[in-house]
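What follows is a set of notes on a single structure, which appears directly below.
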Amino acid sequence: MTVQRDRFYIGGTWRTPASSAKISVISPNTEQVIGQVPDGDPSDIDAAVAAARAAFDDPSGWSHWAPAQRADAMDRLADALDKRVPDMVQAVSSQNGMPVAVSEKLEAVFPQLLLRYYAGMLREASFEETRPGLLGGSTLVGRAPIGVVGAIVPWNFPQALAAFKYAPGLAAGCTFVIKPSPETVFDSYVLAEAIEEARIPAGVINIVPGGREVGAYLVEHPDIDKVAFTGSTGAGRSIAEACGRLLRPVTLELGGKSAAIILDDANLDLAAIGEQLFGATLLNNGQTCYLGTRVLAPKSRYQEIVDVFTALAGSLQVGDSLDPQTQIGPMASARQRERVESYIAKGIGDGARVTVGGGRPEGLDRGWFVQPTIFADVDNRSAIAQEEIFGPVLSLIPYEGDDDAIRIANDSAYGLGGSVWTGDHDRGVEVARRVKSGTIGINNYLPDPTAPFGGVKASGLGRELGPEALSAYLETKSIYL
Ligand code: NAD
């Protein structure tokens, strides 16, 4: 696959970029250049924000359309994306190493699911209500779109995470400038073509791929009304500082180091739960923010749990992300593999025990592959248990009793996801309630579009998905009658 693009999708047309700089995309499978797109420059962001502003301010435009009219347009966009599923799968998996088996289920279909969900909500929603006043009279409470949104997304789930933002935001009547990560740009062109085919009005969604400087420029742009960011905690902090200074609303979906708590009554038969366990701990080569990468194991069943995870990781098929049989693809970049390998070295240096993996897979001499790796006997205070590795590396930490498990789970700077594995549903829910995180699953982990998703502590601010996300793109106004 070789992709060559020379324009940006801005203001409903294909616009020539301000500079001749290019982003070269390198295949994580082969380490070969597989395409080039223009690299965004601040003046491209200016043009995109101006287009989004004009679309938002148009008195007969998108933000003033009847809800049903916007909902119809969102359904058309979902239909246009449906037609492009194979292109989206190829685009995503060729760039970031996500196995096609994952991109087919998530990246290439989740956006449509969200567009249709929020379109449905929009048809039912009411944006004004009159409330009787406590002091007499009444108040007309209106909810209006917040304005122009700067949406910044990472490379690990580039399309799903963009849709987490634009699906509720479009329903609310906002307009968007999306800045994809330089590692994943081809998929944003597939999205732009779908937007064009769906006849979404000019300027409602504009897309400018580029690096962190361009992202920072977008965050601070005077004509942006809200920032929606998914990415690392470090970048999230600097965006939060800028938004704090500007008093600009911001949602931050950041890193994680969640706990998968195995209770002593869990069913550990891999034939029964292997797929769920894999989805909750290793999905997308371990490059998923919410994964339970700290596995908390009761001392009474510790060896059995070590054996189960060793067998799971050892059985996974590692290979080219475009091969449908692949379960673990390459790391998204050379830098990402270096990071993962340096954590593996740190874990060994800190005295943890590798039970499987720990190196590069045999026979794959090209591509940024690492073996799925299990560490046993990990101290929860060590670097591999406290810091986000973002690769197929799990730390098994022993505990004694449910209270101890919850204490260890909460002994983390992060609080995004997690899971509880048990034969007793009520006990699982009780433990889940006590874990400090924005989301958590019982015997599985699968984000549900109808429920708010996001983190506490260093995992972020605000929530995406569910009706809560629609509210996050609306501003209220009270008119006292
Ligand atoms: P990153 O923070 O390096 O980059 C994310 C995006 O932000 C990219 O588009 C990048 O160009 C841009 N960016 C970076 N610094 C910026 C700045 N100062 N101002 C504006 N934009 C900036 O993250 P990444 O390596 O691309 O993604 C991996 C990280 O994302 C992991 O930490 C992962 O946990 C996190 N993540 C979180 C969620 C979630 O929902 N909580 C989901 C997926 C990924």
Side-chain angles (χ1 to χ4, degrees), residues 23 39-40 42 45 92 95-98 106-107 110 150-165 177-185 187-188 207-221 224 227-243 245-246 248 250-258 283-293 331-340 343 387-391 412-418 437-439 445 447 449 452-465 469:
I23 294 170
D39 194 1
I45 295 285
V92 171
Q95 297 172 99
N96 70 357
M98 176 184 291
L106 297 175
E107 276 290 282
F110 217 79
I152 299 176
V153 285
W155 46 261
N156 66 333
F157 285 91
Q159 285 303 310
L161 294 169
F164 274 34
K165 298 162 182 54
V177 175
I178 301 176
K179 192 210 74 70
S181 192
E183 288 84 356
T184 40
V185 287
D187 51 297
S188 71
I207 305 175
V208 181
R212 59 184 53 211
E213 293 78 15
V214 168
Y217 184 79
L218 175 61
V219 166
E220 303 228 14
H221 199 287
I224 289 286
V227 174
F229 173 77
T230 301
S232 62
T233 295
R237 280 188 210 285
S238 78
I239 291 170
E241 280 170 17
C243 290
R245 183 165 26 81
L246 296 164
R248 183 164 291 174
V250 60
T251 2
L252 300 166
E253 299 288 359
L254 309 176
K257 191 76 194 179
S258 303
L283 184 80
N284 190 22
N285 319 332
Q287 299 177 142
T288 310
C289 52
Y290 58 68
L291 294 177
T293 49
M331 301 295 90
S333 63
R335 188 168 59 98
Q336 189 59 25
R337 179 169 68 175
E338 271 167 35
R339 175 189 166 95
V340 174
Y343 273 111
E387 295 170 24
E388 186 178 51
I389 299 175
F390 232 50
S412 169
Y414 296 105
L416 182 58
S437 70
T439 64
Y445 184 99
F453 173 85
V456 299
K457 301 193 273 182
S459 292
L461 286 178
R463 295 289 180 270
E464 297 190 306
L465 304 182

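Read the numbers this way: they start at 1 and go in the same order the structure lists the ligands and their atoms. Only a predicted model underlies this, so the values are computations on that prediction, with no experimental measurement involved. Below, all heavy atoms of this structure are taken into account, side chains as well, without hydrogens, waters or symmetry copies.
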Close approach of [X] to ligand 1, heavy atoms, under 4.0 angstrom:
X	answer
F164	no
G211	yes
Y290	no
S238	yes

Which atoms of ligand 1 are found less than 4.0 Å from any heavy atom of [X]?
X	value
A235	2 (O), 14 (C), 15 (N), 16 (C)
I152	6 (C), 7 (O), 9 (O), 12 (C), 20 (C), 21 (N)
L161	42 (C), 43 (C)
L416	41 (N)
F453	40 (O)

Tell me: protein heavy atom nearest [atom], and distance?
atom	result
atom 8 (C) of ligand 1	V153 O, 3.5 Å
atom 16 (C) of ligand 1	R212 CB, 3.7 Å
atom 42 (C) of ligand 1	C289 SG, 2.8 Å
atom 27 (O) of ligand 1	P154 CB, 3.3 Å
atom 28 (C) of ligand 1	F390 CE2, 3.6 Å
atom 44 (C) of ligand 1	N156 ND2, 3.3 Å

Review point. Looking at atom 1 (P) of ligand 1, would you say a protein heavy atom lies below 4.0 Å from it?
Key: yes
Could you check whether any side-chain heavy atom of [X] comes within less than 4.5 Å of a side-chain heavy atom of [Y], counting everything from C-beta outward?
X	Y	value
I224	L246	no
L161	E253	no
Q95	E183	no
T233	E388	no
F453	Y290	yes
T293	F390	no

Practice item. Would you sort out whether L106 and F157 count as a side chain to side chain contact (heavy atoms under 4.5 Å, CB included), showing the intermediate values? Key: CA-CA 8 Å; L106 297 175; F157 285 91; 3.9 Å; yes
Answer with side chain, backbone, both or neither: which part of [X] has a heavy atom less than 4.0 angstrom from an atom of ligand 1?
X	answer
T230	both
V214	neither
L218	neither
L254	backbone

Calculate, to the nearest 0.5 Å, the distance between atoms [atom1] and [atom2] belonging to [X] and [Y] respectively.
X	Y	atom1	atom2	answer
S188	I207	OG	CD1	5.5 Å
E220	R248	CD	CZ	7.5 Å
Q336	N285	CD	CG	10.0 Å
L291	N284	CG	CG	8.5 Å

Decide whether [X] and [Y] meet the rule of one side-chain donor and one side-chain acceptor closer than 3.5 Å.
X	Y	result
E387	Y343	yes
Y445	T439	yes
T251	K165	no

Can you find an N/O atom of [X] closer than 3.5 Å to an N/O atom of ligand 1?
X	answer
S232	yes
I239	no
K179	yes
E388	yes
W155	yes

Review point. Should one rank G231, G438, A458 by closest heavy-atom distance to atom 35 (C) of ligand 1, which comes out on top?
Key: G231
Review point. Are M98 and Q287 close enough, and set up right, to give a side chain to side chain contact (heavy atoms under 4.5 Å, CB included), and what steps lead you there?
Key: CA-CA 9 Å; M98 176 184 291; Q287 299 177 142; over 6 Å; no
